[in-house]
Amino acid sequence: MDTLGWLLDAYAVPEGMTVWLILDDGRRVRVVEPWRPTSYLKAAPAETERVRAWIEAQGVPVELEPAVRRDFMSGREVPVFAIRIGDAERAMRLMAGAMRTFPDFAFYNADIAADRLWFYETVRHPLARVRVEIDGEILRGLECLDSIWDLDYEIPPFATLGLRAEGTGGHPAHGRYAGSIEVHLAGGEVRVLDGDDPAAMLDRINGLLREYDPDLLLTEYGDGWLLPRLRELSERHGIPLHLNRDDSRPPKVSDSRSYFTYGRIVHRDQTWILHGRLHLDQRNSFTLDETGFDGLFETARLSRLPVQVSARTSTGTGISSMQLAQAVADGILIPVDKAQTESFKTGEELLTVDKGGLVFQPEPGVHEGAGELDFASMYPAIMVGHNLSPETVGCPCCREDGDLIPETGLRSCRKRQGLIPRVLAPLLVKRAKYKELKKSAPTEAGRARAKARVSAHKWLLVCSFGYLGYRNARFGRIEAHEATTAWGREALLRAKEAAEDLGYRMIHGIVDSLWVEKPTGRVTVSECEALAAEIERRSGLPIAVEGVYRWIAFLPSTADERRGVAQRYLGVFESGEVKARGIEARRVDAAPFVRALQVGLVEELAKSASVAEARVIAAGLVDRVREAAETIRSGRLRGPDLAIHRHLSKGPLEYARPTPVAVAAQQLVSRGAVLEAGEKVAYVLGTDRPLALQVREGGEPYDTEAYVALALRAAATVLAPFGWPLASLQALLQPARLPPEPSARRAGGPRCHDVPGQMKLWG
């Protein structure tokens, strides 16, 4: 049978890869493609035979044959042996065992999961439009009819079904679970399954899965709570739960984990990967949260990570997968462990090359008629334009005639394109095209789709730079990272010089953006475009005009009002669009009432056409601030309006002091919740102690003066540049007590009680 459809899912089985297809006639078909994953071994023939014998002793057939592949750093072709294991499902585990058994042997491509390696080796991608040749249950041929670089591609016609705990209003494990399950069907229909009879509820879920046979199972807190709870009920009542479309396999479940990254602890719930249908937990996916379904599907296609994996991994894993796919396509040997180490540098050399991005600290104040220009994907563009990659920076073949990298004394290769530029160049082109479509697509849906995919590209590109200097990245090397930032500093300096040569004054600059004004008056868009052209000529990097501001206020540090902060400003473009960084409304832990107050004030200020008008509007907004304070002091606000969300930096019982988030977390623990470092906890500031949102029954009073103080701070942030600093607002509205720092003990101290078998808990 030769037919058309979409590639929905793929996972390894002993004989190869199981592939699920959505065919044009509406059928969902399971087929198996015979396939053996390939690893490589660089060793003498006698040593190779030892590896063969060890693998065959595990009861699995294996093929070894001579091959030639390229060394990543030198680019030279090297003789190796290709290892093809006759059990695709066990291949990675068997190779891990071989590497432990023969630790001195050089293995390559040996620790890549089979479902990813299949996409790499066959040059296919998830959700591809395909033509397939099927012989019974065997897949004889699969041709992708679209490319990962296509702009306008079809997404499969998914059948969907949603599951969530009824009436949670937060994480069900934190105490707001009513016992019933909501089932969301096509067309907006919602059915509520009564949790008082778990056996009947399980039977009904199984029946709905059979009846609607969804391709996408969408859940809220499905990974960390809902599906584990349903499994627990299934085992307790002896009723199998048929979540998989492929009922011969159980779901693939991985443990939850907490880890430290970029200065904070991050928590990831356990994951539930289904077979034959896709499970997406809408509360456990950074990519889905940031970019929506269009961005997630775009990321999965580009990275060649299965959709369920792409939804749950970082975008850094996505860009690494793109690099692995390119390496496989180029015949590059992928080492299991990196052999490169950082070159020796003196302390003086480190101070010179390891400075990161260039930042000009702004002076606090308001500017009228200033323009902003942003380099387009600066660091990835530098990596492509200057051919910066681990194997091309300081390469032996171009020590004399390569491109000299500023400040480093190194040169980049002119004779071969690096792996990283090969990966990023088409991605930059595609992103630029989508940015145009974001403005010019004929329909609102088309513009929204382009915007989501641009966002997905942004996160991939951001991580491409971070992973270039990440010590554990397969293709990371600190010298390439330093070379990129060196060219970035050079580009911003050239931009500053170009602006000053043309009569502008740069009032702020941060890594890849600069703000300029004219001493003689407002700048125009056409003037900014002319400046951008000159900067691009001098720097060799694409730069775009972000816009011209009616006014922009660079806000001071909260610790020192005389000092500016690079990422703390508020401005209104001539179009009326607001751009803000570093204010309370941008913080995830701001109480919703406080955030709404600040957003309302900003929206009113945005109506002004000049600084003078903004001052007049600001004076009129003081009454709104007074009304907000009165509303808070009335005591009528609901808990969700007051909730402050914070992440746990450690386990709830590991806190030595009763910080508000620790108190709230320990209250939840005392009620049976299981919390780990990195999880988010919501609490309300009570009159004598913080109360976890799920613990607060609704009648307990909240600390009105603490919330008034938070509201005044938020109001002063945006009103102070126009004549209404915090002290003035406090004087008008009576002094409000500032809330304590997070580490400080609240007035009166916490109440302490015992939890059986555990330490004493605050709260």
Thinking salt bridges, do Asp111 and Arg474 make one under a 4.0 Å N-O criterion?
yes

So, Arg50 and Glu47, do they make that salt bridge, N to O below 4.0 Å?
no

Which is it for Glu15 and Glu33 under the side chain to side chain contact (heavy atoms under 4.5 Å, CB included) test, yes or no, and what are the steps along the way?
CA-CA 8 Å; Glu15 57 270 33; Glu33 181 176 55; over 6 Å; no

Heavy-atom side-chain contact between Val253 and Thr271 under 4.5 Å
no

Does the Lys NZ or Arg CZ of Arg453 fall within the cation-pi geometry relative to Tyr153 - under 6.0 Å from the ring centre and within 45° of the axis?
yes

Given side chain to side chain contact (heavy atoms under 4.5 Å, CB included), test Leu468 with Arg477 step by step and report yes or no.
CA-CA 6 Å; Leu468 192 61; Arg477 184 179 169 217; over 6 Å; no

Phe297-Phe158 aromatic ring centre distance below 6.0 Å:
yes

State whether a side-chain donor-acceptor pair under 3.5 Å links His267 with Asp269.
yes

Less than 6.0 Å separating the ring centroids of Phe107 and Tyr40?
no

Should the pair Glu63-Arg36 be classified as a salt bridge under the 4.0 Å nitrogen-to-oxygen rule?
yes

Does one side chain, of Trp35 or Glu121, offer a donor that lies under 3.5 Å from an acceptor on the other?
yes

I would like to know whether Glu676 and Ser256 meet side-chain hydrogen bond (donor to acceptor under 3.5 Å, both in side chains); could you show each step before the answer?
CA-CA 9 Å; Glu676 300 179 37; Ser256 63; 3.0 Å; yes

Can you check whether Trp487 and Tyr379 have ring centres sitting under 6.0 Å from each other?
no

For the atom pair CZ (Arg283) and CG (Asp223), what is the distance rounded to the nearest 0.5 Å?
13.0 Å

Take Glu56 and Trp54, measure what side-chain hydrogen bond (donor to acceptor under 3.5 Å, both in side chains) needs, and give me the verdict at the end.
CA-CA 6 Å; Glu56 289 179 341; Trp54 184 89; over 6 Å; no

Could you check, using the six-membered ring where one of them is a Trp, whether Tyr434 and His457 have ring centers closer than 6.0 angstrom?
yes

Got a salt bridge between Glu65 and Arg84, using NZ or NE/NH1/NH2 to carboxylate O under 4.0 Å?
yes

Parallel under 30°, tilted from 30 to 60°, perpendicular over 60°: which one fits the rings of Tyr11 and His275?
perpendicular

Should Glu298 and Lys430 count as an ion pair when the cut-off is N to O under 4.0 Å?
yes

Could you give the distance from CD (Glu391) to CG (Asp71), rounded to the nearest 0.5 Å?
10.0 Å

Apply side chain to side chain contact (heavy atoms under 4.5 Å, CB included) to Arg431 and Leu427, showing your working.
CA-CA 6 Å; Arg431 184 169 193 248; Leu427 183 57; 5.6 Å; no

Tyr120 versus Ser321, side-chain donor and acceptor atoms under 3.5 Å:
yes

